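Report on one structure; see the data block that follows.
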Amino acid sequence: IVGLVVGITVHELAHGIVAYAFRQEVKSTGLLLLLGIPLGAFVELGEEFKNADKKIRGAIASAGPMANIAVFLAVVLITPQLYAIPTELTITKTYASPAMDVLKEGDIIYSINGKKINSLKDFYNIVKDIKPNEKITITVLRGNELKTFELITSNEGKIGIVVEPSKNLAFALNCCYWTYWMNLLLGFFNLLPALPLDGYYVWVAFPRVVRDLKLKIKALEKPIEHIS
């Protein structure tokens with residue numbers, strides 16, 4: 001829900017801000033509600049938009065998808081930083097040997113092969129180098145006591161555990177995951193060249209934008225020729 005709210009809100013607000021910049025009428029703004037739960041914001045443009053220049057309509061229409069793509073890229077950059085945040089990693093499941101016979105749900109990973117585990121990044125950096133049938137030492141916090149075990153990894157190089165970070169970090173990562181996908185889908189889907197999607201106005205305006213750009217380039221070339 002958080003990802004959807006962020007995606008819709010950013011999309012619609014971008015339309016409204018760019019429309020205001022072009023002095024277009026914004027008839028109304030508000031929240032989208034489902035059973036009293038806010039799902040995002042909306043911006044309703046006036047009739048003036050339909051009669052506006054193609055380039056203006058294209059700019060307003062493209063603002064929503066571009067804002068979604070910007071959020072998508074921001075989340076791509078932010079998410080890896082979350083994996084470095086200090087957190088306890090708790091075993092939530094033991095699904096195979098060798099862990100199934102030794103480790104327990106609720107154990108907190110303290111260290112692997114003598115290397116302290118302080119974050120998800122630490123955990124992934126260590127386990128990615130573990131080889132099949134390798135002897136490893138794992139220390140866990142069980143209750144108030146540290147316990148150390150020696151295990152032989154599986155034929156696939158796995159320990160056989162599922163770990164989770166703190167609830168707050170897990171929530172943040174889950175929000176980033178859905179914000180990533182919702183904004184990616186909203187951004188690119190709305191750029192498809194079909195009504196009633198934003199992409200229709202964007203692609204209708206595209207030839208005009210290219211033509212004007214070529215004219216500006218030619219206009220710049222003439223002074224350069226005179227100078228040379």
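None of the values given here were measured: they were computed from a predicted structure.
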Is [Y] reachable from [X] through a run of I, L, V, M, F, W or Y residues, each pair having side-chain heavy atoms under 4.5 Å apart?
| X | Y | result |
| --- | --- | --- |
| Tyr124 | Ile159 | yes |
| Val163 | Tyr110 | no |
| Leu191 | Met182 | yes |
| Val76 | Leu82 | no |
| Leu184 | Val75 | yes |

Once you round to the nearest 0.5 Å, how far does [atom1] of [X] lie from [atom2] of [Y]?
| X | Y | atom1 | atom2 | value |
| --- | --- | --- | --- | --- |
| Tyr83 | Asp122 | OH | CG | 14.0 Å |
| Leu141 | Ile109 | CG | CD1 | 10.5 Å |
| Thr179 | Ile78 | OG1 | CD1 | 9.5 Å |

Original post:
Hey, mind stepping through Asn190 and Leu192 against side chain to side chain contact (heavy atoms under 4.5 Å, CB included) and telling me if it holds?
Top reply: CA-CA 5 Å; Asn190 275 285; Leu192 293 175; over 6 Å; no
Any donor-acceptor pair under 3.5 Å linking the side chain of [X] with the backbone of [Y]?
| X | Y | answer |
| --- | --- | --- |
| Thr87 | Ser119 | no |
| Ser154 | Lys158 | yes |
| Thr92 | Val162 | yes |
| Asn113 | Thr137 | yes |

**OP:** Determine, stepwise, if the pair Phe123 / Ile117 fulfils side chain to side chain contact (heavy atoms under 4.5 Å, CB included).
**Re:** CA-CA 6 Å; Phe123 179 76; Ile117 306 296; 4.1 Å; yes
**OP:** Answer with yes or no whether the side chains of Lys116 and Asn118 bring together a donor and an acceptor at under 3.5 Å.
**Re:** yes
Original post:
Do you see a donor-acceptor pair shorter than 3.5 Å between the side chains of Thr139 and Thr148?
Top reply: yes
**OP:** Count the heavy atoms of every other residue, nucleotide or ligand shown that sit under 6.0 Å from CZ of Phe149, and state whether that count exceeds 12.
**Re:**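 It does: Phe149 CZ has more than 12 such atoms within range.
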Atom of [X], atom of [Y] and distance for their closest heavy-atom approach:
| X | Y | result |
| --- | --- | --- |
| Pro65 | Gly187 | CB-O, 3.4 Å |
| Ala63 | Val18 | CB-CG2, 3.4 Å |
| Leu89 | Pro165 | CD2-CA, 3.8 Å |
| Arg142 | Lys147 | NH1-CD, 3.8 Å |
| Ala59 | Ser62 | O-OG, 3.0 Å |

Original post:
Can you check whether Asp107 reaches Thr94 side chain to side chain, under 4.5 Å on heavy atoms?
Top reply: no
Original post:
Do the non-hydrogen side-chain atoms of Ile108 and Glu88 ever get within less than 4.5 Å of each other?
Top reply: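 Yes, close enough: below the 4.5 Å cut-off.
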Please set out all donor-acceptor pairs under 3.5 angstrom arising from side-chain atoms of residues 126-136, sequence neighbours excluded.
residue : atom : partner : partner atom : Å
Asn133  : ND2  : Asn155  : OD1          : 3.4
Glu134  : OE1  : Lys131  : N            : 2.6
Lys135  : NZ   : Glu150  : OE1          : 3.3

Original post:
Applying the side chain to side chain contact (heavy atoms under 4.5 Å, CB included) test to Asn183, which of Leu73, Val71, Ile69 qualifies?
Top reply: Val71
